[in-house]
Amino acid sequence: MAVIIRRVEFFLITLWAAVTINFILPRMMPGNPAEAMMAHFQGRLNPAALHALEVAFGVNTKETIWQQYVQYLGDIVHFKFGISLSNFPVPVMHVVMQALPWTLTLAGVTTVISFLLGTLIGMIAAWRRGGIADNLMPPVFVIISALPYFWLGLICIYVFAVTLHWLPSGFGYDEGGNINLSWTFIHQAITHAILPALTIIVTSIGGWILTMRNNMIGTLSEDYVRMARAKGLHPMRIMIQYAGRNAILPNITGFAMALGFVVSGLLLTEIVFTYPGVGYLFLQAVAAEDYPLMQALFLFVTIAVLAAVLLADVANALLDPRIRAR
Amino acid sequence: MAYQPIAIQEPAPSPATPAPATGRAAWAAGFVRIGAALSSNRKAVAGVLILLFFTVVAIFAPLIAPYSPSAEAFAPGMPPSSAHWLGTTSYGQDIFSQLVWGTRQTLLIGLIGGLAATALSVFVGVTSAYLGGMPDHVLSVITDIFLVLPALPLMIVIAAYEKGGGFWVLVGVIVITGWSFGARQLRPQAQSLRNRDFLESARVRGETSAHIIVFEVLPNMVSLIVAIFLGAALYAILAAAGLQFLGLGNPEDQSWGTMLFWGQNQEALMIGSPLWIIAPGACIAALGAAVALINYGVDEISNPALRGRKRKKKVYVVPNP
Amino acid sequence: MNEPALRSEPSALTASPVLEARGLTKHFHVGGIFSGKTLHAVDDFDLSIYPGEIVALVGESGSGKSTVARLLAQVYKPTSGEILYRGTPIESLHAREYRRHVQMVFQDPFSSLNPVYRASHGVLRSLKLYSKKPRSQLRQEAARILDLVGLTPSDQFLDKYPYELSGGQRQRYGFAQALACGPDLILADEPVSMLDVSIRLGILNLMADLCRDEGLAFLYITHDIASARYVADRMLVMYAGEVVEDGPTEDVLQHPKHPYTQLLLSAVPDPNAPAEAAFPMEMGEPPRVIDPKPGSRFCPRCPYAIPICSQETPRLRLVRPNHRVACHVAQAEEAIAEAVAQSRE
Amino acid sequence: MVRAVDGVNIDVQPGEFLGLVGESGCGKSTLLFAIGRLLSEPAEIVSGDVLFKGTNLVYLKEKQLRHLRWRGFSVVMQSAMNALNPVLTVGAQMADAIEAHERMPKAAMKRRSAELLQMVGIDPIHLSSYPHQLSGGMRQRAMIAMALVFTPDLIMMDEPTSALDVVAQRSLMREIKTLQEELHFATIFVTHDMALVRQYADRLAIMYAGQIVEHASTNEIFDDPKHPYTRGLLHAYPSLFGPKEELTGIPGRPPDLRTPPTGCRFHPRCPYVMEICPKEDVPLYSPRGDDLVRCFLFSNEVMTNERASAPL
Amino acid sequence: LSGMGARAASSRSHANVKYGGTVVLDNVGGALWTCGLNPYNGANNFITLGFTYETLVYDDALNGKIQPWLASGYSWSNGNKTLTFTIRKGVTWNDGKPFTAADVVYTFRLLRRNPALDGNGDWQVLKSVSRHGNNVVMNFKKVAVPDFYYVAGQTYIVPQHIWSKIKNPVTYIDSKPVSTGPMVVSKCDQQDIIMMRNPHYWQKGKPYIKELRAPAFLDNGPGNQYLAQGKANWGCQYIPNVNTYYVQGNSNRHWYYAPGSDVDLYPNNSVFPTNIKAVREAISLAIDRRRVSQLGVYGYLPPADQSGIVLPTYSSWYDRSLAKHYNYSYNPSKAIKLLESAGFKRGAGGIFQKNGKKLSLTILGVAGFSDWVAELQQIQNELKAVGINATVSNLSGDTQLSDIQSGHYQLAYYFTGGGPSPYYEMHYVLDSGLTAPIGSTATGDYERWRNSATDSLLNRYAQTTSSATQHAIINELQGIMLKNVPVIPVLEGVSWYQYDTTQLVGWPTRSNEYVNPGCNTPDQEIILLHLHLK
Ligand SMILES: Nc1ncnc2c1ncn2[C@@H]1O[C@H](COP(=O)(O)OP(=O)(O)OP(=O)(O)O)[C@@H](O)[C@H]1O
Ligand SMILES: Nc1ncnc2c1ncn2[C@@H]1O[C@H](COP(=O)(O)OP(=O)(O)OP(=O)(O)O)[C@@H](O)[C@H]1O
Ligand SMILES: [Mg+2]
Ligand SMILES: [Mg+2]
């Protein structure tokens, strides 16, 4: 119980802090969205448009910063995020909702795959200490994890899309495709996700392998594993139920955090692959000083991370009875 | 039951460097110990060699680079040749020279960004753990907030907000977004040290808190601090490359990240100068791999359980009496 | 009876105490920030230690013995109560002044030496802080102290590292650090609990020697009642954060008054006696120290409990010369016995 | 390379309670693990045999060994805190052990587990408890219950009471003894508490620096200790009840097993050291009866030559 | 009536034209589509304007030629203060409702009511708009003939029957525009906008093509790749090394870039050292514009002329003799001489100085525009070569604009605005009516050039419809540009334009430049109307 209260407390404090930082940051940036829009059109707009834009965006508002803050908090509580300036006059929610499923799916699937695969490899490497898997996999993937993933993406596009024509180089689905739940669409979505997913998985798996291996080596020397051997249990059971399950516990929170982070961390991948997710929206929002969009995105990502962490706590409690008791 | 001779292989010999009696030497000894242990770890040695190579290149860049990195002096888009080992950019600059000069900034970002982020992590993590109570609570929440805030977008906001995004802005952004991870790792270790009797023993002896933190606590965490530094340096290198790639650095800087920015901007892969993108990326990867390898080594050193079993098992047969 | 007279009887009982604790109480806040639970680690602890005296503190694991030591060593701040050093409240003493005179040897010899320094680091630091000797002679002085605690040849032991030492040697470095400050009182927290017999004995003999030769006072915390008997003049028995019995060692051992003391003594395995029958209160609930209710804390396990035990917290009362006990039943018996004796007279 | 256990011969009969005593670090736990082939890297058996009811465990394949484990012999590990898997309930861990060796319906499994817990004095309700929900003493008991699942022929207990205070220790010891008398299994009991084994063990093996130095019935050892080390041990215990006397203990400190002393390993600390001691390895031999001792003091040849000069 | 083309838009016979085909438009928007197609405020409207919403006339920015469009004719009266449009008959909205003069009046009144929509500033010059039967009469506050371009050529007419029901037209998303143009938006999601042929289009038989698709691109890179892979047949962005990357020797792939308006170096005329005429002249002379162009954009942007006339687009307005007289072709030694004669002396590092003040200045660029960064790097080197110590500061786009508008800069690299004649650019860079004191926001004339002669010339131009007078005035303005160098044109901005004739033909070409090429609005409609299957 206390754990949950402490978690909720943390959740609220962090949320408030993030929301506030979120409010302050864009306002500290110089310039204003109207000028950003003018700059975006690279001189193609009539100079008179600046005035129109300022009126439309409400740039020269007379409200004090405190009034704005209170207004802002109120809006957030009611889930009102206003209109995206860089996508004027489309509401922020619409812009975000259009992009969110893509990112969530890609991020979710890749992170889960990378975590599961990494954990499995780490587990086996530690179990067969000094074996081929142990001598090869961890160092190789640790090195790969040092690759800049966006660069890897560029190279992948060049090799697999441009040169070999095996896979599409970008977008979430084929040109002219319709978004629905048909097999054609799902097939398209998968084909288009292969390259971005691959770059993420390959560069993130090393961390999981290493931490799992290290944890597992720790648990393997625990007395309860020796005890399991003494009991004459099947080796698979010892590896999974005794060593593995205890070794995975410290990784769960990390996994949740990673799950939350990729939502924003996909940014470079999405740019490189023209993937229709929220990552790119961030960059766009910042470039256009689109406060409402930026704020909404920040909020969503923070909530995503926090929610993931909360979920991890639940998962931890399910897997680790000691936490449940506290 | 019968005769039972049993042999236990000795654990890897304890580090040879003696523990010193004075505070400053304890620090030095910590580093020496890690250095000595690193030299016996093959992965770490490989990492150190790569790192040394890049360091030499960075220091002697003016001597190594055949041309000025920014001079737009040659025919654009030349393929590799003996005059231009990696060809030229579409602005007519020598790619190899850019690569050589770019080593400097990339290394500096890794070094300075890593050091600063580590310093902040150590400060927050250790202070928080040592003080305990309310300060600990506040500092932990701050750490967690920074951990939860989406780093890359935050970096983009800050980098965009500071005009031009020069070197120091880049470092600042990296430090702001990169310290919390280390602090989070350090806190529990410092906390577990905090209740070790030797610290209370020092307190009972009458030492001041500052003395205890600096000379009793920290020397015990040298290997973790080194690991955090390496992690932070790797983060700094990759994050800086990402930001510069997005055009959020100063595009006139000489670094591998800006090379990627220009290369991508000029579609180097498509217009026949692929090395413009491949070379700096590969260098970042090599540098990153070096840091990752050293980190891997440090990990094995600080956690004896992880040490490799490369030595062949010697079996002693005890003759039956 | 062969009385080896390890040391002279505590002659100083008449002198003023080195350290006095009055109503020392330590409560720990447990659970989350919102849970208001309080763990009563130590409640209302009184103690006076006189120069040249060894006081043994025994009791169940978790009964608050280490907490008492840490409170006295000012590692923890007491929740309430006061500590007087030679009659002066310690708040009005300079922190270093107090440290110099009251030292502590920590329970665990393996964690009380900083692994990054030579084992003599603590001794040298203590000398640097408190010794008036010139710097050049500090090493010599340290060697002298190591000699004193039996770490010979001391030259060699000055340069050893913790990982090269056995438990007993480490323990003696702890002693050495405490001694280097030149204290009047050493709070020794289970200094022998994890050592095997021979090392254990060495330390006990060392304590006795120091007491006799230097007039030092000790608070000796232990699980090993036989060893307490071996060195201590006085014995305090703690149960669930409270002192339940306090008296001269032999008297407490011969005439244990509190049922817990009786249980404790009966459970000590005796190599010279075969296992005997079960003691009635062996099993039973562990004491309630989180938000305890008034009443005797041993009451739920006590076969002699009378109604008042669960309602009123017993206070320590004199039941024999110099021997006090906190038990309603024992006090009542004593009162009756006294009344009977008086009526006989 | 450390010879943690070097040339140890012990044997234990059905229904016997064998105490194994020695200073800390002398190789007691290692010996138990070696017997059960439970040594984990880097430790290994380099030579010797373990004959369990005639089968040599040392040469058994891992798979065959698995079938023998727990049914034939079981172990109660030194630290009950760490020897139970923290994420599985006590019941699940007992069921694990049963499942590994026998097909049994769930209900029967549960009945058996409950029975065993009851036998060691734990409410069967704790079958669904996790280890951390039990007190130290209860955990020790649960381990013992688990070791009894198949009523094996041999149970090896490694300091099962070290985590307990004297009160709890005594009640657990009594239970073990009762169970043993009922079920008639052999016990190897490791401890460094002389007082404890005095009360419970039938026979004692005294270890020093990886070797057995004395092996005899408990009464024999307490009444007439032979090896100087045993004598030292007995003389290092202050007594709670007897007369108060000054004790001296054993001078010196245990040897470093990486470079054990030559000849008799105890010679650097031995008050009766003789010329021959550092020079020749001492065999474990029987000066009289079944008792074994590893000391030249009782060897006839040496005795005749040197006894006169050595005070006993 | 005057200035009226005789025929309604081109109406050649459709007999031999094949119908069908898909245009894939590759116009990088830097964002995924959000389908805000509101013609006045939509973030994505640039992709549909012209194709959907149309204007009263089509005013060709390349040559000033005016084609009647939704208005079949117009006339000036009342000393050029009244403008009367005759609204075309037979036009219907794509929902089948007829288009009338009322819609036009409604549109203009909508803009008056909502300044946020009036991005062209129509109501800064208009006094009233009213309907007279089939005519729409506009009264101007003052004579402003050049604003005809905005009022008639850039104001998109919306249907009254739809828009009058909208509560807030400013935030109206309008993802399915009801419009008069040749295409109808049939689908819009984040990745694609698809427009289908409007069967009710008022130009009978047009358009020929069936479908127009515009995928969204976040960045030039993927957009260019898409084009290079042949997936799109109409491209509108900068492609590095276009011959290698895009054409690849394929005879069906073409590109040509028509210059529109200059990219200038704005020297702040009210701060040292750019307030010194000699310095400005020296800068203009010191820049090797051809090389700058070569380095920045493979030479695709032609070097600009100091006269401010974009060549060859407006060559008919160019005063060759004047240009020859002043001769601003690349000449560093002349630049040095000029500085010396202005009293500057060489100091440390070869940098000029005067009265102890070093001739050093900062050039503001934009970090995100890689071509500008490269160009400015070159300019910086060239200025150093003549003893001017220039440093480049690359900012974010909006920061740079903000600094330029408020006058907090010395030298800045920025666009100019254009229109169907050189007047528009001259007005943009020279009219002190657009400028503001330093610290306040200027909407043009960022260099703060204040000259009454210039202002009166611009004023006179605004009053006349006579071509001869206009030419004379532009000639005089060229003189001012050359003599005083208030701004320094560096390169001529172009409309990026690539096209693929594998399937579709009818594209404007270098030789048949029937319309301003690229993806300009509403010009892209004219191109579309010409396209048909091979
Ligand atoms: N820092 C602390 N925070 C919370 N509770 C504590 C703390 N220190 C001690 N306690 C609690 O106070 C009680 C007394 O602990 P203490 O260590 O004094 O016992 P002890 O008598 O020394 O036991 P042992 O014989 O096992 O050393 C225990 O219940 C313990 O859990
Ligand atoms: N993994 C290991 N690596 C190196 N040495 C080891 C290892 N395990 C045990 N030893 C050494 O083997 C010797 C015997 O250890 P063991 O654990 O058997 O002692 P023990 O008699 O059980 O001691 P205790 O009474 O403290 O449990 C010790 O000297 C110990 O240091
Ligand atoms: Mg304690
Ligand atoms: Mg052991």
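A, B, ... follow the sequence lines: proteins, then strands. Residue 1 opens every chain. Worth knowing before you read on, the calculation uses all heavy atoms, side chains too, and leaves out hydrogens, waters and symmetry mates.
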List the atom of A:L268, the atom of B:G242, and the distance in Å for their closest heavy-atom pair.
CD1-CA, 3.9 Å
Looking at B:L269, B:I277, B:V291, B:L246, which makes the most heavy-atom pairs under 4.5 Å with chain A?
B:L269
Give the minimum heavy-atom separation between A:A146 and B:G288, together with the two atoms involved.
CB-C, 3.2 Å
Under 6.0 Å from the CZ atom of B:F181, do we count more than 12 heavy atoms belonging to anything else shown?
no
Taking A:W151 for the side chain and B:I284 for the main chain, is one N or O donor matched with an acceptor at less than 3.5 Å?
no
Give the C-alpha distance, both sets of side-chain angles, the deciding distance and a yes or no for side chain to side chain contact (heavy atoms under 4.5 Å, CB included) between B:L293 and A:V142.
CA-CA 7 Å; B:L293 281 174; A:V142 165; 5.6 Å; no
If one checks every heavy atom of A:I271 against chain B at 4.5 Å, the contacting part turns out to be side chain
Would you say that more than 12 heavy atoms from the other residues, nucleotides or ligands in this model lie under 6.0 Å from the CG of A:L164, or not?
yes
Minimum heavy-atom distance B:L238-A:S145, with the two atoms named:
CD1-O, 4.3 Å
Non-hydrogen atoms of chain B under 4.5 Å away: do they reach the side chain of A:I21, the backbone, both or neither?
side chain
Sort A:V162 into side chain, backbone, both or neither according to what part of it lies under 4.5 angstrom from a heavy atom of chain B.
side chain
Residue among A:P138, A:A285, A:G206 with most heavy-atom pairs under 4.5 Å to chain B:
A:P138
The criterion is side-chain contact (heavy atoms from CB on, under 4.5 Å); which residues satisfy it with A:F23, sequence neighbours excluded?
A:R27, A:I65, A:Q68, A:Y69, A:Y72, A:Q295
Top contributor to chain A interface from B:A286, B:P274, B:A282, B:P280 [non-hydrogen pairs under 4.5 Å]:
B:A282
Under the ring pair (Phe, Tyr, Trp, His ring centres under 6.0 Å) rule, collect the residues that match up with A:Y275, sequence neighbours excluded.
A:W102
Which atom of B:F245 lies closest to which atom of A:L154, heavy atoms considered:
CE1-CD1, 3.8 Å
By a 4.5 Å heavy-atom criterion (distance strictly below it), what part of A:L210 contacts chain B: side chain, backbone, both, or neither?
side chain
From NZ (B:K43) to CD1 (A:I143), nearest 0.5 Å
9.5 Å
Answer with side chain, backbone, both or neither: which region of B:I142 has an atom nearer than 4.5 Å to a non-hydrogen atom of chain A?
neither
